[in-house]
Amino acid sequence: MFDVISDRFDGIFRRLRSRGKLSADDVEEVAREIRRALLEADVNVRVVKDFVNRIKERATGSEVAQSLSPAQQVIKIVHEELAVTLGGTTGHLSSSAKPPEVIVLVGLQGAGKTTAAAKLAYYLEQQENKRVLLVAADLQRPAAVEQLQVLGQNISVPVFTQPTTPEEVAVAGRQEAERLGRNVVIIDTAGRLQIDDDLMEELNQLCKKVVPDDVLLVLDSMTGQAAVDVAQSFRAQVGLTGLVMTKLDGDTRGGAALSVKEVTGLPILFAGVGETTKDFEAFHPDRMASRILGMGDALTLIEKAEAAFDAEATARTQERMAEGLFTLEDFLDQMQQVRKMGPLSSVMGMLPGVPKELRQAEVDESQLGNIEAIIYSMTPAERKDPSIINGSRRRRIALGSGTSTQAVNGLLKQFTMMRQMMRQMNGAKSKRKGGKGRRGAGVDIPGFDLSGLDIPRPPGA
Amino acid sequence: MGEESEDHVKRRSLRERMVKSRAPFSELRRRWHARKIDEEVWDELEETLLLADVGLTTTAGLLEAVRSRVGKESLADGINEVLAQAICAQLEENSTSRSLVFDEGTTNVWMLVGVNGVGKTTTTAKLAAREQLAGRSVLLAAADTFRAAAAEQLGIWADRLGIEVIRGQDRGDPGAVAFDAVQAAVARNIDLVVVDTAGRLHNKKNLMEELAKVSRVVQRTSAPLSEVLLVLDATTGQNGLAQAREFVARAGVTGVVLTKVDGAAKGGIVLAIESELNVPVKLLGVGETVEDLVVFDPYDFATALVE
C-alpha cells in the first residue's frame with residue numbers, strides 16, 4: 001500500500017502540472033496522503049498531526065522549483081522535514097571524562113537488549129578501538145546471562161556477572177572494568193514494562209549507583225503506537241541519553257523512530273541490521289526519512305549513479321541494446337558498473353518504484369561472482385555470439401569457471417531472455433519518445449527501466 | 001469447568017492490568033456526557049483505535065459500522081460500547097473456533113513461530129505448563145539452535161516444569177531436532193510435543209524456507225502437526241500484518257498467540273490479521289509467569305481496546 005505513495009502523489013498532481021504554485025486545496029489533498037503514509041508507517045497519531053500541520057504550512061503557497069514536479073516539491077519538503085525531525089547528523093555517545101565509560105541498555109522484553117549489548121561491544125572494539133567489558137545484569141530471564149556469555153565469547157569480549165542483584169552486579173561490573181583496565185562497560189538489564197513501577201524503580205536505583213555516561217533505550221523498530229509511551233516513561237523514570245533501534249533489517253517502515261525522536265528529542269545512535277554480531281551501525285537519519293516515506297533513496301541513488309557510471313560507455317551500451325546487438329560482454333560491463341555503486345541489495349533498496357519483492361530479495365552476491373567467472377571463461381567469440389556455445393564448449397566453460405554446466409546453461413538462458421526483453425522494452429520506448437515529452441527519466445541505469453519514475457535530471461546530464 | 005473459571009480470574013486480572021491505559025478514555029467519556037455525536041467525537045474515536053494499532057483501513061471500517069448503528073441525534077455517552085460491539089462482531093464473524101486443535105489418541109505436535117523477541121520460548125513453556133495442567137504429557141523441542149543460549153532458556157523452564165526437552169547442537173539443523181523430539185514422543189506415547197523455533201524476520205527468504213522445512217520434516221512423522229502458532233508481540237505496529245502474511249504463507253500458521261498484552265500495548269493489529277488472513281487469535285500472554293496464558297476472548301479484547 002505504502003510503496004505506491006509516490007504514485008499517488010503523482011496522481012494528485014498530474015492535473016496541476018502546469019501551475020506554478022501549490023494552492024491550499026492541493027496541499028490539503030496531499031496532506032491526507034502523507035498522513036496515511038505516516039500512520040501506516042506506525043508514526044504516532046499525535047506526532048502525525050503536528051507533522052502534517054508543519055508540512056501544510058511550509059508547502060502552501062511555496063514556489064515550485066523549475067526542476068521539480070509539484071509532487072516532487074512536496075515530497076522534498078516532507079523528506080527534509082522528516083530528516084530534520086529525525087536529527088540532522090549522526091549522534092554520538094557521551095564521552096566520559098574518567099574511564100571507564102558506562103553504558104546501560106534498557107527496554108521492554110524482547111526488544112533485543114542482550115543482542116544489542118554484544119553488537120555494541122563489537123562495534124566499539126572494532127570501530128573505536130575500545131576495550132569493552134560486558135556486564136550481564138539481566139538476572140530475570142532464564143539463560144539471559146548464558147546468552148550474553150556465549151555472545152561475548154564469540155567476539156572475545158569478557159563478560160562479568162554474579163548471582164546477586166542487578167544493582168550489585170552493575171556496581172561490581174564497573175569495579176571489575178577498572179581492575180581489568182577496560183575503558184567501556186556495557187550493562188545489559190532485564191526487559192521490563194514501562195508501567196511496572198517496581199521494576200522501573202529497580203532500574204532507577206541501578207542507574208543512581210553506577211552513574212552511567214549513557215543510558216540507551218533499545219527499541220524494536222517494529223513497535224507501533226506504544227513507542228512514544230515507552231520512551232517517555234523510561235526517560236522520565238530512569239533518564240535516557242539516546243536510542244538504539246533494532247531489527248531494522250525487517251521490512252517495517254520504522255515510524256517509531258520518528259515518533260520517539262519528535263517527542264523526546266533524544267538522538268537515535270545505533271541501528272541493529274542483521275542476524276550476526278557485526279550487523280550494527282551508526283544510525284543515519286536521512287536514510288530513515290526515506291524509509292518512513294517509503295520512496296527509496298532516489299537522491300542518493302542519483303549521486304551514486306552519477307559517480308559510478310561512465311556516461312559514454314552507457315550511451316554505447318544503450319545504442320547496442322536498441323539495435324539488439326547486446327552481447328555477454330556488454331552484460332558483464334553493466335553488471336560491473338552497477339556493482340560499483342555498492343552491494344546490489346542496497347542499490348535495489350534505493351531504487352524507488354522497484355517492486356517490494358525485488359527490493360527485499362536477498363541478492364546473492366556470490367552468484368554475481370559466478371556469473372563473472374563464467375563470462376570470463378568464454379572466448380571473445382563466444383561472448384559475442386553465445387549461440388555457438390555447444391556441449392563441449394559448455395563443459396570447458398564450466399570447468400574453467402569452477403561452476404557447473406547447469407550454471408552455464410542457466411546464465412545463457414537468462415541472458416537470452418534478458419536480450420529479448422530489452423528488445424521489447426526498447427521498442428516500446430522509442431514509440432513513446434514520439435509522443436509527448438515525459439518528465440523525469442534523467443537517469444538511465446542499464447537493466448533498470450527508470451523511465452516511469454520521476455527522478456529529477458542530474459545537473460549536466 | 002475448572003479451566004473456565006480460572007480463565008475468568010485471568011480475565012479480571014487482564015482488565016486490572018489495563019486500568020492504567022484506560023484512564024484517558026474514562027476521562028473522555030466524562031467529557032462526552034450528554035453530548036451529541038459530532039465530528040470531534042468521531043475524530044477522537046478514530047484516534048483511540050489508531051493508538052491501539054488497529055490501523056487505518058480497519059479503523060475506517062469499524063467507524064463505518066458504528067455510524068450505521070447510531071442515529072443522527074444519538075448522544076455520545078454509549079458510543080464506546082457500540083464500538084466495542086462492532087469490534088466484537090468483526091472478531092466473531094471472522095473466526096470459527098479459537099480452541100487449540102488436539103487429535104486425541106495420538107502424539108500431537110504444536111509449533112511456535114514468529115519474529116525475534118516476541119516471546120516464543122516463554123510461550124512454549126507457558127503452553128507446556130497449561131497442557132500439563134490439563135493432564136497431558138508434554139515434551140519440548142528446542143529447535144531454536146541459532147540464538148545463543150535459547151536451548152538453555154527452554155531447558156530452565158523445562159526443569160521448573162519437570163518436562164523433558166530435546167536439544168540439538170548449537171547452529172545445528174532445527175528440522176533434525178524437531179524430528180528427533182517427535183520420534184521420541186511417539187515412541188513413549190507422549191501426548192504433545194511443543195516445538196520452539198528460532199525467531200526470524202519474515203522478509204528473510206532463506207530463514208523462512210528453513211522454517212517451511214521444519215514443518216515438512218514434522219509432517220513426515222506419524223504425529224499430526226495440529227497447530228502452528230504465530231507468536232505476535234502486542235506492541236507490534238502495522239508490520240504485524242506483513243509478519244502474519246509471510247508466516248501464514250510459508251509456515252501454515254493456524255492461530256495467533258498475542259503476547260505482552262498488559263495495558264500499554266493492545267495489539268490492535270490482530271483485527272486486520274484476522275479479517276485479511278482468516279487466522280484466529282487463540283491465546284493471550286498477559287504476564288511473566290507460566291500461568292499467564294489465557295484464552296482469547298473477543299468481548300474482553302474489544303472492551304479493553306476502546307475503554
Side-chain angles (χ1 to χ4, degrees), chain A residues 1-2 35-36 39-46 48-49 108-115 118 140-154 191 193-196 220-227 229-230 233 246-247 249-256 274-275 356 360-362, chain B residues 17 20-21 46-48 50-57 59 115-122 125 146-157 159-160 170 199-207 233-240 242-243 246 259-260 262-269 288:
Chain A
M1 170 183 289
F2 207 48
R35 174 174 185 269
R36 167 173 275 274
L39 285 172
E40 294 287 346
D42 289 322
V43 179
N44 186 276
V45 183
R46 286 157 194 163
V48 169
K49 219 180 257 175
L108 300 181
Q109 288 96 339
K113 287 175 297 301
T114 307
T115 306
Q140 181 72 26
R141 179 164 60 91
V145 172
E146 287 83 345
Q147 185 183 353
L148 194 63
Q149 281 167 338
V150 173
L151 293 172
Q153 201 170 17
N154 291 344
L193 275 171
Q194 76 276 18
I195 54 170
D196 189 327
D220 187 327
S221 58
M222 293 176 278
T223 310
Q225 297 287 323
D229 197 33
V230 171
S233 298
T246 60
K247 309 174 202 174
D249 48 329
D251 59 359
T252 177
R253 293 284 173 208
E275 294 264 329
K356 199 162 127 221
Q360 282 158 18
E362 278 167 70
Chain B
R17 282 165 211 266
K20 271 190 185 249
S21 60
E46 184 190 40
E47 192 171 305
T48 303
L50 291 176
L51 275 171
D53 291 315
V54 171
L56 267 174
T57 313
T59 294
V115 300
N116 314 64
V118 289
K120 284 176 296 303
T121 307
T122 308
F146 183 80
R147 179 164 61 89
E152 283 82 350
Q153 187 181 346
L154 193 61
I156 291 169
W157 281 116
D159 284 348
R160 287 181 194 169
D170 278 354
R200 64 202 75 222
L201 291 174
H202 52 284
N203 59 338
K204 308 250 164 168
K205 284 234 165 64
N206 51 343
L207 295 181
D233 188 326
T235 56
T236 310
Q238 300 309 298
N239 192 248
Q243 289 173 25
E246 290 304 313
T259 58
K260 311 183 200 174
D262 45 49
K266 302 195 171 175
I269 190 64
E288 288 203 317

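Being a predicted model, the structure only gives us computed values, none of them experimental. Each chain gets a letter, A, B and so on, in the order the sequences are listed, and its residues count up from 1.
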Under 4.5 Å to a heavy atom of chain B? For A:Leu39 that would be both
One option among A:Gly110, A:Pro142, A:Gly224 has the most heavy-atom pairs under 4.5 Å with chain B, and it is A:Pro142
Query raised in the report: Any donor and acceptor pair, going by atom type alone, linking the side chain of A:Ser221 with main-chain N or O of A:Thr246 inside 3.5 Å?
Result: yes
Applying side chain to side chain donor-acceptor pair (under 3.5 Å) to A:Asn44 and not counting sequence neighbours gives A:Gln225
CG (A:Asp220) and CG (A:Leu108) are apart, to the nearest 0.5 Å, by 9.0 Å
- [ ] Report yes if some heavy atom in the side chain of A:Asp251 is under 4.5 Å from a heavy atom in the side chain of B:His202; otherwise report no.
- [x] yes
Most contact-rich option vs chain A, by heavy-atom pairs under 4.5 angstrom, among B:Glu152, B:Arg160, B:Glu47, B:Gln243, is B:Glu47
Greatest number of non-hydrogen atom pairs under 4.5 angstrom with chain B, of A:Arg141, A:Gln194, A:Gln140, falls to A:Arg141
Contacts of A:Asp249 meeting salt bridge (charged side-chain N to carboxylate O under 4.0 Å, His left out) (sequence neighbours excluded), chain-then-number -> B:Lys204
If one checks every heavy atom of A:Gln149 against chain B at 4.5 Å, the contacting part turns out to be neither
Residue from B:Asp53, B:Val118, B:Ile156, B:Asp233 scoring the most non-hydrogen pairs under 4.5 Å with chain A is B:Asp53
